[in-house]
Amino acid sequence: MGTEWVEDTVYTATAVENYRGNAHRIDWNGADVFGPRDISILFRRKTAIGASGRDRRTGPHGERGGPVTAPRLAVVGAGVMGVGIASLALGHGVPVLLVETDASRLAGAPARVHQHLRLARLTGALPAEEAPARLATSASLAGAADAAAVVEAVTENGACKAEVLSEAAMIVAPGTPLISNTSSIPIDELADSVSCPESLLGTHFMNPPYLIPTVEVIRGKRTGELALAAALRLLSALKRTPVVVGDTPGFVTSRILHPMINDAVRVVESGTATAEEVDALLQGCLGHRTGPLRTADLIGLDNLLDSLRVLHERTGDEGCRPTALLVDKVEAGHLGRKTGRGFYEYGETLL
Amino acid sequence: MTTSSTGAATAQEIEQELSCHLEKRTKRSWAPEEDLFASGALSSLFAMELVVYLEKAFGVMIGGPDLRMENFRTVRAMSSMVLRLGGDAEEGGDA
Ligand SMILES: NC(=O)c1ccc[n+]([C@@H]2O[C@H](COP(=O)([O-])OP(=O)(O)OC[C@H]3O[C@@H](n4cnc5c(N)ncnc54)[C@H](O)[C@@H]3O)[C@@H](O)[C@H]2O)c1
(Lines give C-alpha, C1' and ligand atoms only; values in the text may rest on other atoms or scores of the structure.)
Protein backbone atom coordinates (compact mmCIF):
# COMPACT_ATOMS: atom_id res chain seq x y z
CA MET A 1 0.00 0.00 0.00
CA GLY A 2 2.99 2.29 0.37
CA THR A 3 1.75 3.49 3.76
CA GLU A 4 4.49 4.97 5.90
CA TRP A 5 4.44 5.06 9.65
CA VAL A 6 6.37 7.82 11.25
CA GLU A 7 6.84 8.68 14.87
CA ASP A 8 7.74 12.29 14.59
CA THR A 9 6.70 15.63 13.22
CA VAL A 10 5.16 14.98 9.86
CA TYR A 11 5.56 17.04 6.75
CA THR A 12 3.04 16.80 3.98
CA ALA A 13 3.45 18.09 0.49
CA THR A 14 0.45 20.37 0.80
CA ALA A 15 1.70 22.00 3.94
CA VAL A 16 5.13 22.54 2.49
CA GLU A 17 3.62 24.11 -0.57
CA ASN A 18 1.43 26.38 1.48
CA TYR A 19 4.33 27.37 3.63
CA ARG A 20 6.50 28.27 0.66
CA GLY A 21 3.95 30.09 -1.39
CA ASN A 22 1.71 31.65 1.16
CA ALA A 23 3.69 32.04 4.31
CA HIS A 24 2.56 35.59 4.81
CA ARG A 25 -1.03 35.26 3.94
CA ILE A 26 -2.02 31.99 5.42
CA ASP A 27 -5.46 32.79 6.54
CA TRP A 28 -7.55 29.85 7.38
CA ASN A 29 -10.63 31.61 6.23
CA GLY A 30 -9.08 31.52 2.78
CA ALA A 31 -10.67 28.91 0.67
CA ASP A 32 -9.50 26.93 -2.30
CA VAL A 33 -5.92 28.09 -2.53
CA PHE A 34 -5.02 25.19 -0.30
CA GLY A 35 -6.82 22.63 -2.41
CA PRO A 36 -9.77 20.60 -1.35
CA ARG A 37 -7.69 17.95 0.42
CA ASP A 38 -5.93 20.25 2.82
CA ILE A 39 -7.63 20.02 6.17
CA SER A 40 -6.48 23.54 6.93
CA ILE A 41 -9.38 24.95 5.00
CA LEU A 42 -11.72 23.04 7.22
CA PHE A 43 -10.84 24.81 10.36
CA ARG A 44 -11.38 28.49 10.18
CA ARG A 45 -8.86 29.55 12.71
CA LYS A 46 -6.67 32.57 12.16
CA THR A 47 -3.46 30.67 12.65
CA ALA A 48 -0.38 30.53 10.48
CA ILE A 49 1.19 27.17 9.82
CA GLY A 50 4.12 26.89 12.15
CA ALA A 51 3.00 29.82 14.24
CA SER A 52 3.90 28.05 17.46
CA GLY A 53 7.56 28.06 16.45
CA ARG A 54 8.42 25.29 18.85
CA ASP A 55 10.17 23.17 16.28
CA ARG A 56 13.09 24.79 14.53
CA ARG A 57 14.18 21.95 12.27
CA THR A 58 14.18 22.39 8.54
CA GLY A 59 11.56 20.86 6.34
CA PRO A 60 12.16 18.08 3.83
CA HIS A 61 12.94 20.61 1.11
CA GLY A 62 15.30 22.66 3.20
CA GLU A 63 12.80 25.29 4.28
CA ARG A 64 13.90 27.17 7.34
CA GLY A 65 12.10 29.01 9.99
CA GLY A 66 9.10 27.65 11.75
CA PRO A 67 7.98 24.07 11.48
CA VAL A 68 5.93 23.04 8.49
CA THR A 69 3.59 20.73 10.26
CA ALA A 70 0.36 19.85 8.53
CA PRO A 71 -2.73 20.51 10.54
CA ARG A 72 -3.64 17.10 11.73
CA LEU A 73 -6.22 15.29 13.73
CA ALA A 74 -5.24 13.98 17.15
CA VAL A 75 -7.05 10.78 18.11
CA VAL A 76 -6.71 9.68 21.74
CA GLY A 77 -7.14 5.99 22.52
CA ALA A 78 -6.07 3.28 20.06
CA GLY A 79 -8.81 0.81 20.88
CA VAL A 80 -11.55 -0.42 18.57
CA MET A 81 -12.82 3.08 17.80
CA GLY A 82 -9.64 5.15 17.92
CA VAL A 83 -7.99 2.92 15.34
CA GLY A 84 -11.11 2.95 13.17
CA ILE A 85 -11.49 6.74 13.33
CA ALA A 86 -7.78 7.20 12.57
CA SER A 87 -8.18 4.93 9.53
CA LEU A 88 -11.19 6.89 8.31
CA ALA A 89 -9.23 10.15 8.52
CA LEU A 90 -6.04 8.78 6.95
CA GLY A 91 -8.02 7.29 4.11
CA HIS A 92 -9.46 10.72 3.38
CA GLY A 93 -6.03 12.35 3.30
CA VAL A 94 -6.09 13.79 6.82
CA PRO A 95 -2.86 13.15 8.79
CA VAL A 96 -3.36 11.68 12.27
CA LEU A 97 -1.53 11.63 15.57
CA LEU A 98 -2.78 8.58 17.48
CA VAL A 99 -2.17 8.69 21.23
CA GLU A 100 -2.39 5.58 23.41
CA THR A 101 -1.09 4.93 26.94
CA ASP A 102 -1.04 1.13 26.73
CA ALA A 103 2.34 0.17 25.25
CA SER A 104 1.23 -2.96 23.45
CA ARG A 105 -1.88 -1.35 21.97
CA LEU A 106 0.30 1.53 20.80
CA ALA A 107 2.80 -0.81 19.19
CA GLY A 108 0.08 -2.76 17.43
CA ALA A 109 -1.88 0.26 16.23
CA PRO A 110 -0.16 0.86 12.85
CA ALA A 111 -0.73 -2.76 11.80
CA ARG A 112 -4.39 -2.55 12.78
CA VAL A 113 -4.79 0.73 10.90
CA HIS A 114 -3.23 -0.98 7.90
CA GLN A 115 -5.77 -3.82 8.13
CA HIS A 116 -8.62 -1.30 8.37
CA LEU A 117 -7.37 0.53 5.31
CA ARG A 118 -7.31 -2.78 3.43
CA LEU A 119 -10.86 -3.58 4.52
CA ALA A 120 -11.94 -0.10 3.50
CA ARG A 121 -10.34 -0.58 0.11
CA LEU A 122 -11.89 -4.02 -0.28
CA THR A 123 -15.35 -2.66 0.34
CA GLY A 124 -14.84 0.47 -1.71
CA ALA A 125 -15.47 2.58 1.38
CA LEU A 126 -12.59 4.97 0.81
CA PRO A 127 -11.49 6.88 -2.27
CA ALA A 128 -9.26 4.35 -4.06
CA GLU A 129 -7.14 6.87 -5.90
CA GLU A 130 -6.03 8.62 -2.74
CA ALA A 131 -2.92 7.44 -0.88
CA PRO A 132 -3.49 7.38 2.88
CA ALA A 133 -2.11 10.34 4.82
CA ARG A 134 0.65 9.88 7.37
CA LEU A 135 0.10 8.34 10.76
CA ALA A 136 2.16 9.29 13.79
CA THR A 137 1.76 7.46 17.08
CA SER A 138 2.68 8.55 20.56
CA ALA A 139 2.30 7.58 24.19
CA SER A 140 1.74 11.19 25.17
CA LEU A 141 -0.66 13.95 24.27
CA ALA A 142 2.11 16.53 24.12
CA GLY A 143 2.45 16.22 20.34
CA ALA A 144 -1.20 17.22 19.94
CA ALA A 145 -0.30 20.90 20.39
CA ASP A 146 -0.60 21.51 16.65
CA ALA A 147 -3.79 19.49 16.22
CA ALA A 148 -6.64 21.04 14.27
CA ALA A 149 -9.05 18.95 16.33
CA VAL A 150 -8.85 16.30 19.04
CA VAL A 151 -11.05 13.22 19.01
CA GLU A 152 -11.13 11.46 22.37
CA ALA A 153 -11.88 7.73 22.08
CA VAL A 154 -10.62 6.31 25.39
CA THR A 155 -12.39 3.83 27.66
CA GLU A 156 -16.05 4.64 28.43
CA ASN A 157 -15.38 5.95 31.92
CA GLY A 158 -16.16 9.49 33.06
CA ALA A 159 -13.01 9.98 35.14
CA CYS A 160 -10.75 8.62 32.44
CA LYS A 161 -12.31 10.85 29.78
CA ALA A 162 -12.24 13.92 32.07
CA GLU A 163 -8.51 13.49 32.56
CA VAL A 164 -7.78 13.20 28.85
CA LEU A 165 -10.05 16.10 27.88
CA SER A 166 -8.71 18.47 30.52
CA GLU A 167 -5.14 17.69 29.46
CA ALA A 168 -6.02 18.14 25.78
CA ALA A 169 -7.69 21.49 26.53
CA MET A 170 -4.45 22.75 28.06
CA ILE A 171 -2.28 21.57 25.18
CA VAL A 172 -4.12 22.67 22.04
CA ALA A 173 -4.53 26.19 20.67
CA PRO A 174 -7.56 28.07 21.99
CA GLY A 175 -10.63 27.39 19.90
CA THR A 176 -9.54 23.91 18.79
CA PRO A 177 -12.57 21.63 18.90
CA LEU A 178 -12.42 18.87 21.51
CA ILE A 179 -14.56 16.00 20.37
CA SER A 180 -15.58 13.09 22.58
CA ASN A 181 -16.63 9.83 20.98
CA THR A 182 -18.42 8.75 24.16
CA SER A 183 -21.32 6.34 23.68
CA SER A 184 -23.38 7.51 26.60
CA ILE A 185 -21.78 10.06 28.95
CA PRO A 186 -23.52 13.44 28.62
CA ILE A 187 -21.26 16.02 26.99
CA ASP A 188 -22.22 18.65 29.55
CA GLU A 189 -21.00 16.37 32.30
CA LEU A 190 -17.60 16.06 30.57
CA ALA A 191 -17.58 19.83 29.97
CA ASP A 192 -17.01 20.39 33.69
CA SER A 193 -13.50 19.01 33.33
CA VAL A 194 -12.29 21.35 30.58
CA SER A 195 -11.21 24.97 30.78
CA CYS A 196 -13.12 25.81 27.59
CA PRO A 197 -16.52 24.04 27.67
CA GLU A 198 -17.58 25.85 24.50
CA SER A 199 -14.97 23.84 22.57
CA LEU A 200 -16.38 20.48 23.62
CA LEU A 201 -18.91 18.41 21.72
CA GLY A 202 -19.66 14.77 20.95
CA THR A 203 -19.45 12.80 17.73
CA HIS A 204 -20.63 9.25 17.92
CA PHE A 205 -18.83 7.35 15.18
CA MET A 206 -19.87 3.73 14.91
CA ASN A 207 -17.74 0.70 14.24
CA PRO A 208 -16.14 0.57 11.73
CA PRO A 209 -16.41 4.31 11.06
CA TYR A 210 -15.64 4.15 7.33
CA LEU A 211 -18.41 1.64 6.66
CA ILE A 212 -21.06 3.67 8.46
CA PRO A 213 -21.82 6.91 6.66
CA THR A 214 -23.93 8.62 9.32
CA VAL A 215 -22.52 10.16 12.51
CA GLU A 216 -24.55 11.25 15.50
CA VAL A 217 -23.27 14.66 16.65
CA ILE A 218 -24.03 15.78 20.19
CA ARG A 219 -24.34 19.39 21.04
CA GLY A 220 -24.00 20.02 24.76
CA LYS A 221 -25.64 22.93 26.60
CA ARG A 222 -22.35 24.78 26.57
CA THR A 223 -21.09 23.71 23.10
CA GLY A 224 -20.21 26.79 21.05
CA GLU A 225 -21.21 27.50 17.45
CA LEU A 226 -17.59 27.61 16.28
CA ALA A 227 -16.68 24.20 17.67
CA LEU A 228 -19.83 22.69 16.21
CA ALA A 229 -19.18 24.25 12.81
CA ALA A 230 -15.56 23.08 12.80
CA ALA A 231 -16.62 19.54 13.70
CA LEU A 232 -19.18 19.53 10.91
CA ARG A 233 -16.51 20.64 8.44
CA LEU A 234 -14.27 17.85 9.62
CA LEU A 235 -17.09 15.33 9.14
CA SER A 236 -17.75 16.64 5.68
CA ALA A 237 -14.05 16.19 4.79
CA LEU A 238 -14.42 12.61 6.04
CA LYS A 239 -17.53 12.21 3.84
CA ARG A 240 -19.78 11.49 6.82
CA THR A 241 -23.32 12.72 7.15
CA PRO A 242 -24.00 14.31 10.54
CA VAL A 243 -27.23 14.29 12.50
CA VAL A 244 -27.03 16.84 15.33
CA VAL A 245 -28.96 15.86 18.46
CA GLY A 246 -29.40 16.97 22.04
CA ASP A 247 -27.41 15.96 25.09
CA THR A 248 -28.70 13.28 27.45
CA PRO A 249 -27.36 9.90 28.67
CA GLY A 250 -26.90 7.71 25.58
CA PHE A 251 -28.14 10.51 23.27
CA VAL A 252 -30.23 8.78 20.60
CA THR A 253 -28.47 5.70 19.29
CA SER A 254 -27.02 4.24 22.51
CA ARG A 255 -30.20 5.09 24.43
CA ILE A 256 -32.14 2.88 22.04
CA LEU A 257 -29.59 0.30 20.89
CA HIS A 258 -27.84 -0.60 24.13
CA PRO A 259 -30.93 -1.57 26.19
CA MET A 260 -32.16 -3.43 23.08
CA ILE A 261 -28.94 -5.47 22.94
CA ASN A 262 -29.23 -6.00 26.70
CA ASP A 263 -32.72 -7.45 26.09
CA ALA A 264 -31.34 -9.69 23.37
CA VAL A 265 -28.73 -10.99 25.84
CA ARG A 266 -31.52 -11.60 28.35
CA VAL A 267 -33.41 -13.67 25.78
CA VAL A 268 -30.32 -15.82 25.22
CA GLU A 269 -29.71 -16.05 28.97
CA SER A 270 -33.23 -17.29 29.61
CA GLY A 271 -32.82 -20.04 27.04
CA THR A 272 -35.61 -18.88 24.73
CA ALA A 273 -33.30 -18.85 21.74
CA THR A 274 -29.62 -19.04 20.80
CA ALA A 275 -27.63 -15.99 19.75
CA GLU A 276 -27.78 -17.20 16.13
CA GLU A 277 -31.56 -17.53 16.32
CA VAL A 278 -32.06 -14.10 17.88
CA ASP A 279 -29.88 -12.50 15.21
CA ALA A 280 -31.56 -14.46 12.41
CA LEU A 281 -34.98 -13.20 13.53
CA LEU A 282 -33.92 -9.61 14.01
CA GLN A 283 -32.19 -9.63 10.63
CA GLY A 284 -34.74 -11.62 8.71
CA CYS A 285 -37.97 -10.26 10.19
CA LEU A 286 -37.09 -6.82 11.46
CA GLY A 287 -34.47 -5.73 8.98
CA HIS A 288 -31.67 -5.23 11.48
CA ARG A 289 -28.49 -5.19 9.42
CA THR A 290 -26.18 -7.22 11.66
CA GLY A 291 -28.31 -8.68 14.46
CA PRO A 292 -28.00 -7.43 18.07
CA LEU A 293 -25.62 -10.09 19.35
CA ARG A 294 -23.27 -9.92 16.40
CA THR A 295 -23.37 -6.16 16.93
CA ALA A 296 -22.49 -6.65 20.60
CA ASP A 297 -19.44 -8.69 19.56
CA LEU A 298 -18.49 -5.97 17.10
CA ILE A 299 -18.82 -3.19 19.70
CA GLY A 300 -16.83 -5.11 22.34
CA LEU A 301 -18.68 -6.58 25.31
CA ASP A 302 -16.57 -4.66 27.84
CA ASN A 303 -17.48 -1.38 26.18
CA LEU A 304 -21.14 -2.36 26.00
CA LEU A 305 -21.10 -3.20 29.70
CA ASP A 306 -19.49 0.15 30.55
CA SER A 307 -22.06 1.99 28.47
CA LEU A 308 -25.00 0.14 30.04
CA ARG A 309 -23.66 1.01 33.49
CA VAL A 310 -23.38 4.68 32.51
CA LEU A 311 -26.97 4.56 31.26
CA HIS A 312 -28.32 2.69 34.27
CA GLU A 313 -26.62 5.00 36.77
CA ARG A 314 -27.89 8.11 35.05
CA THR A 315 -31.40 7.12 33.99
CA GLY A 316 -32.40 4.52 36.57
CA ASP A 317 -33.95 2.54 33.71
CA GLU A 318 -33.92 -1.12 34.79
CA GLY A 319 -33.72 -2.15 31.16
CA CYS A 320 -30.18 -0.78 31.20
CA ARG A 321 -29.05 -2.88 34.19
CA PRO A 322 -26.46 -5.19 32.58
CA THR A 323 -27.65 -8.80 32.36
CA ALA A 324 -25.67 -11.41 34.30
CA LEU A 325 -24.67 -13.24 31.11
CA LEU A 326 -23.04 -10.10 29.75
CA VAL A 327 -21.16 -9.49 33.00
CA ASP A 328 -20.03 -13.15 33.05
CA LYS A 329 -18.65 -12.97 29.53
CA VAL A 330 -16.69 -9.81 30.29
CA GLU A 331 -15.32 -11.32 33.51
CA ALA A 332 -14.24 -14.42 31.57
CA GLY A 333 -12.40 -12.17 29.09
CA HIS A 334 -14.69 -13.04 26.18
CA LEU A 335 -15.08 -9.54 24.77
CA GLY A 336 -16.29 -10.29 21.23
CA ARG A 337 -14.37 -10.01 17.99
CA LYS A 338 -11.45 -8.25 19.63
CA THR A 339 -10.64 -11.34 21.72
CA GLY A 340 -11.89 -13.88 19.17
CA ARG A 341 -14.89 -14.91 21.26
CA GLY A 342 -18.07 -13.34 22.59
CA PHE A 343 -21.57 -14.48 21.69
CA TYR A 344 -19.91 -16.10 18.67
CA GLU A 345 -16.62 -17.94 18.16
CA TYR A 346 -14.28 -16.31 15.66
CA GLY A 347 -11.27 -18.56 16.15
CA GLU A 348 -8.91 -15.59 16.23
CA THR A 349 -8.90 -11.93 17.22
CA LEU A 350 -10.50 -9.76 14.58
CA LEU A 351 -10.84 -6.08 13.83
CA MET B 1 2.12 -23.27 -10.41
CA THR B 2 -0.20 -26.23 -10.01
CA THR B 3 2.33 -29.06 -10.01
CA SER B 4 1.62 -30.79 -6.74
CA SER B 5 5.06 -32.26 -5.92
CA THR B 6 6.49 -28.87 -4.89
CA GLY B 7 3.86 -28.15 -2.27
CA ALA B 8 1.96 -25.72 -4.47
CA ALA B 9 -1.73 -26.40 -4.03
CA THR B 10 -4.10 -27.48 -6.79
CA ALA B 11 -7.37 -25.72 -7.41
CA GLN B 12 -9.20 -28.70 -6.01
CA GLU B 13 -7.21 -28.74 -2.77
CA ILE B 14 -7.73 -25.04 -2.27
CA GLU B 15 -11.44 -25.22 -2.93
CA GLN B 16 -11.80 -28.13 -0.56
CA GLU B 17 -10.00 -26.44 2.27
CA LEU B 18 -11.81 -23.18 1.67
CA SER B 19 -15.25 -24.83 1.63
CA CYS B 20 -14.44 -26.60 4.84
CA HIS B 21 -13.44 -23.33 6.51
CA LEU B 22 -16.53 -21.53 5.24
CA GLU B 23 -18.81 -24.27 6.45
CA LYS B 24 -17.27 -24.11 9.89
CA ARG B 25 -17.58 -20.33 10.12
CA THR B 26 -21.03 -19.89 8.57
CA LYS B 27 -22.65 -23.17 9.62
CA ARG B 28 -23.77 -24.02 6.09
CA SER B 29 -22.23 -25.33 2.90
CA TRP B 30 -21.49 -23.29 -0.23
CA ALA B 31 -21.41 -24.37 -3.87
CA PRO B 32 -18.21 -23.30 -5.67
CA GLU B 33 -19.97 -20.61 -7.71
CA GLU B 34 -22.41 -19.48 -5.05
CA ASP B 35 -22.28 -15.79 -4.11
CA LEU B 36 -21.39 -15.56 -0.42
CA PHE B 37 -22.63 -12.02 -0.06
CA ALA B 38 -25.75 -12.01 -2.22
CA SER B 39 -28.21 -12.88 0.53
CA GLY B 40 -26.87 -10.17 2.82
CA ALA B 41 -26.37 -12.74 5.57
CA LEU B 42 -22.59 -12.28 5.38
CA SER B 43 -21.27 -8.80 5.78
CA SER B 44 -18.33 -6.99 4.30
CA LEU B 45 -16.57 -7.53 7.63
CA PHE B 46 -16.65 -11.22 6.83
CA ALA B 47 -14.81 -10.47 3.59
CA MET B 48 -11.94 -9.08 5.65
CA GLU B 49 -11.91 -12.24 7.75
CA LEU B 50 -11.51 -14.12 4.49
CA VAL B 51 -8.54 -11.97 3.49
CA VAL B 52 -6.82 -12.73 6.78
CA TYR B 53 -7.69 -16.42 6.53
CA LEU B 54 -6.50 -16.85 2.93
CA GLU B 55 -3.21 -15.13 3.67
CA LYS B 56 -2.56 -17.36 6.66
CA ALA B 57 -3.86 -20.64 5.29
CA PHE B 58 -2.19 -20.44 1.88
CA GLY B 59 0.78 -18.19 2.58
CA VAL B 60 -0.16 -15.56 0.02
CA MET B 61 -0.11 -11.77 0.21
CA ILE B 62 -3.24 -10.19 -1.17
CA GLY B 63 -2.20 -6.76 -2.35
CA GLY B 64 -3.97 -3.59 -3.40
CA PRO B 65 -5.28 -4.48 -6.85
CA ASP B 66 -6.63 -7.83 -5.64
CA LEU B 67 -8.55 -6.27 -2.76
CA ARG B 68 -11.84 -6.27 -4.64
CA MET B 69 -15.08 -7.91 -3.54
CA GLU B 70 -15.26 -9.87 -6.85
CA ASN B 71 -12.24 -11.87 -5.73
CA PHE B 72 -13.99 -12.97 -2.54
CA ARG B 73 -17.51 -13.47 -3.79
CA THR B 74 -17.30 -17.23 -4.45
CA VAL B 75 -15.16 -20.19 -3.45
CA ARG B 76 -14.00 -20.45 -7.07
CA ALA B 77 -13.02 -16.79 -7.32
CA MET B 78 -10.98 -17.07 -4.14
CA SER B 79 -9.25 -20.26 -5.16
CA SER B 80 -8.27 -18.90 -8.56
CA MET B 81 -6.86 -15.81 -6.92
CA VAL B 82 -4.88 -17.95 -4.44
CA LEU B 83 -3.55 -20.05 -7.34
CA ARG B 84 -2.54 -16.97 -9.25
CA LEU B 85 -0.71 -15.66 -6.18
CA GLY B 86 1.16 -18.95 -5.81
CA GLY B 87 -0.67 -20.37 -2.83
CA ASP B 88 0.92 -23.18 -0.88
CA ALA B 89 -1.29 -25.81 0.71
CA GLU B 90 1.35 -26.89 3.26
CA GLU B 91 1.60 -23.38 4.64
CA GLY B 92 -1.01 -23.23 7.34
CA GLY B 93 -4.17 -25.22 7.31
CA ASP B 94 -7.33 -24.51 9.13
CA ALA B 95 -6.36 -23.22 12.56
N1 LIG C 1 -16.86 0.01 20.28
C2 LIG C 1 -17.82 0.67 19.64
O3 LIG C 1 -18.49 0.10 18.77
C4 LIG C 1 -18.10 2.11 19.98
C5 LIG C 1 -18.97 2.80 19.14
C6 LIG C 1 -19.20 4.15 19.40
C7 LIG C 1 -18.57 4.77 20.46
N8 LIG C 1 -17.73 4.05 21.27
C9 LIG C 1 -17.07 4.78 22.36
O10 LIG C 1 -15.74 5.08 21.93
C11 LIG C 1 -14.86 5.07 23.07
C12 LIG C 1 -13.75 4.05 22.85
O13 LIG C 1 -14.35 2.76 22.76
P14 LIG C 1 -13.56 1.48 22.25
O15 LIG C 1 -14.58 0.48 21.92
O16 LIG C 1 -12.56 1.89 21.24
O17 LIG C 1 -12.81 1.07 23.58
P18 LIG C 1 -11.49 0.18 23.75
O19 LIG C 1 -11.52 -0.37 25.11
O20 LIG C 1 -11.35 -0.75 22.59
O21 LIG C 1 -10.31 1.26 23.62
C22 LIG C 1 -10.08 2.28 24.54
C23 LIG C 1 -8.59 2.59 24.48
O24 LIG C 1 -8.30 3.78 25.20
C25 LIG C 1 -7.04 3.60 25.82
N26 LIG C 1 -6.87 4.58 26.89
C27 LIG C 1 -7.41 4.57 28.14
N28 LIG C 1 -7.03 5.67 28.81
C29 LIG C 1 -6.23 6.40 27.98
C30 LIG C 1 -5.53 7.63 28.12
N31 LIG C 1 -5.58 8.33 29.24
N32 LIG C 1 -4.82 8.08 27.06
C33 LIG C 1 -4.75 7.36 25.91
N34 LIG C 1 -5.39 6.17 25.74
C35 LIG C 1 -6.13 5.71 26.76
C36 LIG C 1 -7.07 2.17 26.28
O37 LIG C 1 -5.78 1.67 26.57
C38 LIG C 1 -7.72 1.49 25.08
O39 LIG C 1 -6.77 1.07 24.13
C40 LIG C 1 -15.73 4.78 24.28
O41 LIG C 1 -16.16 5.99 24.81
C42 LIG C 1 -16.90 4.05 23.66
O43 LIG C 1 -18.05 4.12 24.48
C44 LIG C 1 -17.48 2.74 21.04
Side-chain angles (χ1 to χ4, degrees), chain A residues 1-3 80 84 87 91 111-132 206-213 274-277 279-284 287-291 294-295 297-299 336-338 340-341 344-351, chain B residues 17-30 35-82 84-85 87 91-95:
Chain A
M1 294 266 296
T3 316
V80 170
S87 306
R112 287 196 295 136
V113 166
H114 183 67
Q115 283 298 74
H116 273 296
L117 289 171
R118 297 176 78 202
L119 172 58
R121 170 178 274 235
L122 176 63
T123 54
L126 287 175
E129 63 300 346
E130 192 150 354
M206 310 240 165
N207 186 25
Y210 45 84
L211 286 182
I212 304 190
T274 63
E276 280 93 346
E277 288 159 351
D279 281 349
L281 287 167
L282 270 280
Q283 283 182 297
H288 194 272
R289 184 155 52 171
T290 331
R294 226 176 253 108
T295 302
D297 279 358
L298 181 59
I299 291 173
R337 294 170 63 96
K338 62 181 166 186
R341 183 170 171 191
Y344 291 85
E345 297 276 346
Y346 302 93
E348 59 192 327
T349 61
L350 295 170
L351 288 176
Chain B
E17 195 166 325
L18 198 48
S19 303
C20 197
H21 173 80
L22 282 175
E23 188 162 344
K24 211 170 89 184
R25 282 290 290 114
T26 65
K27 309 230 156 79
R28 54 155 287 189
S29 62
W30 297 89
D35 188 332
L36 301 178
F37 302 98
S39 75
L42 297 178
S43 69
S44 39
L45 281 169
F46 187 67
M48 195 61 204
E49 284 177 40
L50 290 175
V51 176
V52 174
Y53 159 77
L54 292 175
E55 290 190 337
K56 261 198 209 153
F58 302 103
V60 291
M61 263 299 297
I62 303 171
D66 281 316
L67 287 172
R68 288 180 295 123
M69 283 304 274
E70 294 92 279
N71 287 336
F72 299 87
R73 214 165 265 297
T74 66
V75 168
R76 188 134 302 154
M78 283 187 273
S79 86
S80 62
M81 174 178 59
V82 168
R84 183 161 45 77
L85 296 173
E91 189 71 27
D94 203 350

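Below, chains carry the letters A, B, ... as their sequence lines are ordered, and counting in each starts from 1.
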Could you tell me which portion of A:Gln115 (side chain, backbone, both or neither) has an atom closer than 4.5 angstrom to a non-hydrogen atom of chain B? both
If I take atom CE from residue B:Met48 and atom OG from residue B:Ser43, how far apart are they, to the nearest 0.5 angstrom? 12.5 Å
Give, as side chain, backbone, both or neither, the part of A:Leu119 having an atom under 4.5 angstrom from any heavy atom of chain B. both
Under 3.5 Å, is there a donor-acceptor pair between the side chain of A:Gln283 and the main chain of A:Arg289? yes
Chain A shares the most heavy-atom pairs under 4.5 Å, among B:Asn71, B:Leu45, B:Asp66, B:Val52, with B:Leu45
Quick check against the 3.5 Å criterion: does A:Asn207 have a side-chain atom that pairs as donor or acceptor with the backbone of A:Gly84? no
Does B:Trp30 offer a backbone N or O that forms a donor-acceptor pair with the side chain of B:Glu23 under 3.5 Å? no
Contact origin within B:Arg25 toward chain A - heavy atom pairs under 4.5 Å: side chain
